[in-house]
Amino acid sequence: MTEPLRVVLADDQTLVRTGFRLILGADGIDVVAEAVNGTEAVEAVRRTRPDVVLMDVRMPEMDGLEATRRILTGAPGAPGAPGAPGAPRVIILTTFDLDQYVYAALSAGASGFLLKDVTPEQLTAAIRTVRTGDALLAPAITRRLVRRFTRRGSDAAALHRDLAPLTPRELEVLGLLAQGLSNAELAARLHLAETTVKTHVARILAKLRLRDRVQAVIVAYETGLVSAGAHEAAEQPTGLTGPTPPASAGLGADAQPAAFPNHFGR
């Protein structure tokens, strides 16, 4: 029998934690610990080794961004420091759809960014998505992410400027991945089996030493492999399978209907 997903929930509002705990429990996801600030969140992750952390941005003592950094990016003794086994995926939760949080969260190592008005179905789907190694962003956030990084130009501190390790096919896959295509869409576009596409994506991440597809998208734009114009001319962002959510569900003012979240995965 498959082990249930284990989640740490960090939010300073009791009502939010209670509501999310009930939603997750109803879908068979275990909340193994709760935290009211970033310090408690880091300790809870160290103690329980969860699969996913739902992390609020604004909390007392230590905010969610700093807690995410400590969990994921090499602070001494961090549970998810390089080389630490079983590092969790972190989804940032906030009521504010602000760029400063988006980019700080991604640079801290978060795998996703959701607004708190997501539906229960979207929340549980997001947790399962990041657990499989995919990353997710609302379409509005993805578009601004692309614009942000393409504006940085030659002064950007690119994660990887050298794409030489990639084969021509892997370069093609990376370019399409950066346009938001899912594995199924990549398979259809390239006339490949979906399992073959998954292998190509895994090799791209391994060769470029990338954590997930969000980093791969950033690299594709920073290296000039694709441009912002190519992204905007591409298909509408890929949505999760299942019922179509309302256009306003957690996407911010410039959200697109029937496209939440844009996850670079299955």
Side-chain angles (χ1 to χ4, degrees), residues 42 45 49-53 55 65-92 102-113 129-137 141-142 145-146 148-150 152-183 186 190 192 194-227 230-231 262-266:
V42 173
V45 170
R49 300 291 179 179
D51 301 303
V52 177
V53 182
M55 184 79 75
L65 299 179
E66 179 60 26
T68 298
R69 291 187 191 98
R70 296 195 182 195
I71 289 169
L72 296 179
T73 58
R89 299 282 173 163
V90 177
I91 298 176
I92 297 292
V102 176
Y103 308 121
L106 294 177
S107 65
S111 294
F113 187 100
T129 295
V130 300
R131 181 62 185 92
T132 63
D134 293 335
L136 62 92
L137 294 169
I141 293 172
T142 303
L145 176 68
V146 168
R148 168 82 168 229
F149 278 95
T150 53
R152 293 170 64 186
S154 59
D155 293 333
L159 294 175
H160 296 271
R161 289 292 184 186
D162 186 7
L163 299 180
L166 302 185
T167 66
R169 175 64 89 183
E170 288 165 352
L171 286 170
E172 185 178 17
V173 170
L174 177 58
L176 293 173
L177 186 154
Q179 296 177 20
L181 273 66
S182 68
N183 283 348
L186 283 166
L190 300 174
L192 298 172
E194 190 169 346
T195 53
T196 302
V197 169
K198 290 180 179 179
T199 298
H200 283 313
V201 172
R203 287 176 178 168
I204 290 168
L205 298 181
K207 287 181 178 181
L208 299 182
R209 298 182 181 180
L210 301 174
R211 181 186 60 254
D212 55 37
R213 298 177 182 224
V214 167
Q215 285 195 334
V217 170
I218 292 171
V219 166
Y221 283 97
E222 285 192 328
T223 57
L225 180 65
V226 292
S227 65
H231 178 276
N262 178 22
H263 69 101
F264 305 98
R266 296 163 292 177

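All heavy atoms count here, side chains included; hydrogens, waters and symmetry mates do not.
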* **side-chain contact (heavy atoms from CB on, under 4.5 Å) partner of H200, chosen from L192, L166, L205** => L192
Counting C-beta onward and ignoring hydrogens, is there a side-chain heavy-atom pair between [X] and [Y] closer than 4.5 Å?
{"X": "I91", "Y": "V53", "answer": "no"}
{"X": "I71", "Y": "M55", "answer": "yes"}
{"X": "V90", "Y": "V130", "answer": "no"}
{"X": "E172", "Y": "L190", "answer": "yes"}
{"X": "L177", "Y": "I204", "answer": "no"}

* Asked: What residues, two or more places apart in sequence or in another chain, satisfy side chain to side chain contact (heavy atoms under 4.5 Å, CB included) together with R203?
  -> E170, T199
Identify the heavy atoms of [X] and [Y] that sit nearest to each other, and give their distance.
{"X": "L225", "Y": "L171", "answer": "CD2-O, 3.7 Å"}
{"X": "L210", "Y": "A216", "answer": "CD1-CA, 3.6 Å"}
{"X": "A110", "Y": "I92", "answer": "CB-CG1, 3.7 Å"}
{"X": "P50", "Y": "P88", "answer": "O-CB, 3.4 Å"}

* L186 CG to L174 CG distance, which is reported to the nearest 0.5 Å -> 10.0 Å
* Rounded to the nearest 0.5 Å, what separation is found between the CG atom of N183 and the NZ atom of K198? -> 6.0 Å
* Asked: Any sub-3.5 Å donor-acceptor pair from K207's side-chain atoms to P165's backbone N or O?
  -> yes
* Judged by atom type as modelled, is there a donor-acceptor pair below 3.5 Å linking the side chain of T223 to the main-chain atoms of V219? -> yes
